[in-house]
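Right, one structure below, let's go through it.
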Amino acid sequence: LLLNRCMNGWVELDDQVREYLVYRGFTASLKAFDQESKTDRTSNVDRLVDTLLAHVSQHEFTLLYAFWNTISKKYFTTLDSSQNLALRKIELSLYRYYLVTCVQGGRQDKVHEFFEKSAKYLPSYDWSDWYSLAFIKNAELNERFGPFFNRAWQDTFTVSLHNFLSIVLFTSPKPSLLNHRAE
């Protein structure tokens, strides 16, 4: 019942957005909105995770950081202390996953870039034991880093990221447009 009510709210809101775009003459925006609406078969969480993982796989630290920061400002500001602890672990794992992906892809330059920028972007994390990652041959065999190269760890992280974001988005305030009802 709640899901149906939510879906009906989305459909009603989508119709209002279309009406507004037509009224304002934003035909290109309407076309883009309609196109994205037709292909909208995944949850918001799936799209967030897909975007994060795409930035990881494409070795785009600046975009990864910016996107995570955007999500953080929107959804993580009201978390309680236990959720903040989980958030910190997820964020640390996300950046570790990024580093592992860079090493697996032979992109030591991106590992170096990460550490150059991490001092500015991520000063609250201690990366001292990770600085050597770019210089270790066969890091997947290294006792310290090997577990992070294991597919099981990577899959577990991806599921944990998805689950965490699902919980946060489900419990977060809805966009203000969803609260708006035409009188």
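Counting from 1, the numbers follow the sequence of the chain as shown.
- Interatomic distance, OG1 of Thr62 versus CZ of Phe67, reported as 15.0 Å (0.5 Å rounding).
- Defined by atom type and a distance below 3.5 Å, a donor-acceptor pair is present between the side-chain atoms of His162 and Asp46.
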The test is side chain to side chain contact (heavy atoms under 4.5 Å, CB included); show your working for Asn142 and Phe149 and say whether it passes. CA-CA 10 Å; Asn142 181 279; Phe149 287 83; over 6 Å; no
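- The side chain to side chain contact (heavy atoms under 4.5 Å, CB included) test with His55 is passed by exactly one of Thr101, Leu94, Leu64: Leu64.
- In this structure, Val103 and Ala139 approach most closely via the heavy-atom pair CG1-CB, 4.4 Å.
- Under the 4.5 Å side-chain criterion, counting only non-hydrogen atoms from C-beta, Thr27 is not in contact with Val22.
- Summarising the geometry, atom CD belonging to Gln58 is positioned 11.5 Å from atom SG belonging to Cys102; distances are rounded to the nearest 0.5 Å.
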Can you list the steps and then say if Tyr97 with Leu53 is a side chain to side chain contact (heavy atoms under 4.5 Å, CB included)? CA-CA 9 Å; Tyr97 184 54; Leu53 296 181; 3.6 Å; yes
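- Residue Lys117 places its NZ atom among more than 12 non-hydrogen atoms of other residues, nucleotides or ligands, all under 6.0 Å distant.
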Derivation and outcome, side chain to side chain contact (heavy atoms under 4.5 Å, CB included), residues Asn163 and Val45: CA-CA 9 Å; Asn163 290 343; Val45 173; over 6 Å; no
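- The aromatic rings of Trp127 and Tyr95 stand perpendicular to each other, their planes meeting at an angle above 60°, with 30° marking the opposite boundary.
- Follow the hydrophobic side-chain contacts under 4.5 Å out from Leu169 and you never reach Ile167; the two are in separate clusters.
- The OH atom of Tyr65 lies 8.5 Å from the OG atom of Ser72; values are rounded to the nearest 0.5 Å.
- Here the side chain of Asn138 pairs no donor or acceptor atom with the backbone of Leu141 at under 3.5 angstrom.
- Within the 4.5 Å cutoff, no side-chain heavy atoms of His112 are placed close to those of Arg107.
- The closest side-chain heavy-atom distance from Leu52 to Leu165 is below 4.5 Å.
- In this structure, Ser82 OG and Leu87 CG are separated by 11.0 Å, a value rounded to the nearest 0.5 Å.
- For the ring pair (Phe, Tyr, Trp, His ring centres under 6.0 Å) test with Trp130, the passing option among Phe145, Phe135, Phe115 is Phe145; the others fail.
- Note that CZ of Phe157 is 11.0 Å distant from CZ of Arg96, once rounded to the nearest 0.5 Å.
- Residues Glu19 and Asp15 have side chains not in contact (no heavy-atom distance under 4.5 Å, counting atoms from C-beta outward).
- Residues Trp153 and Pro147 form no side-chain contact, since every pair of their non-hydrogen atoms from C-beta on lies 4.5 Å or further apart.
- The CZ atom of Phe164 sits 6.5 Å away from atom CD1 of Ile90, with the distance rounded to the nearest 0.5 Å.
- The hydrophobic cluster containing Val159 does not contain Val49, counting ILVMFWY residues as joined when their side-chain heavy atoms lie under 4.5 angstrom apart, directly or transitively.
- When Tyr98, Phe61, Phe76, Tyr75 are each tested for a ring pair (Phe, Tyr, Trp, His ring centres under 6.0 Å) with Trp68, only one passes: Phe76.
- Arg88 and Glu91 are not joined by a salt bridge, as no carboxylate oxygen comes within less than 4.0 angstrom of a charged side-chain nitrogen.
- Hydrophobic clustering of Ile, Leu, Val, Met, Phe, Trp and Tyr side chains at less than 4.5 Å, counting indirect connections, unites Leu99 with Ile136.
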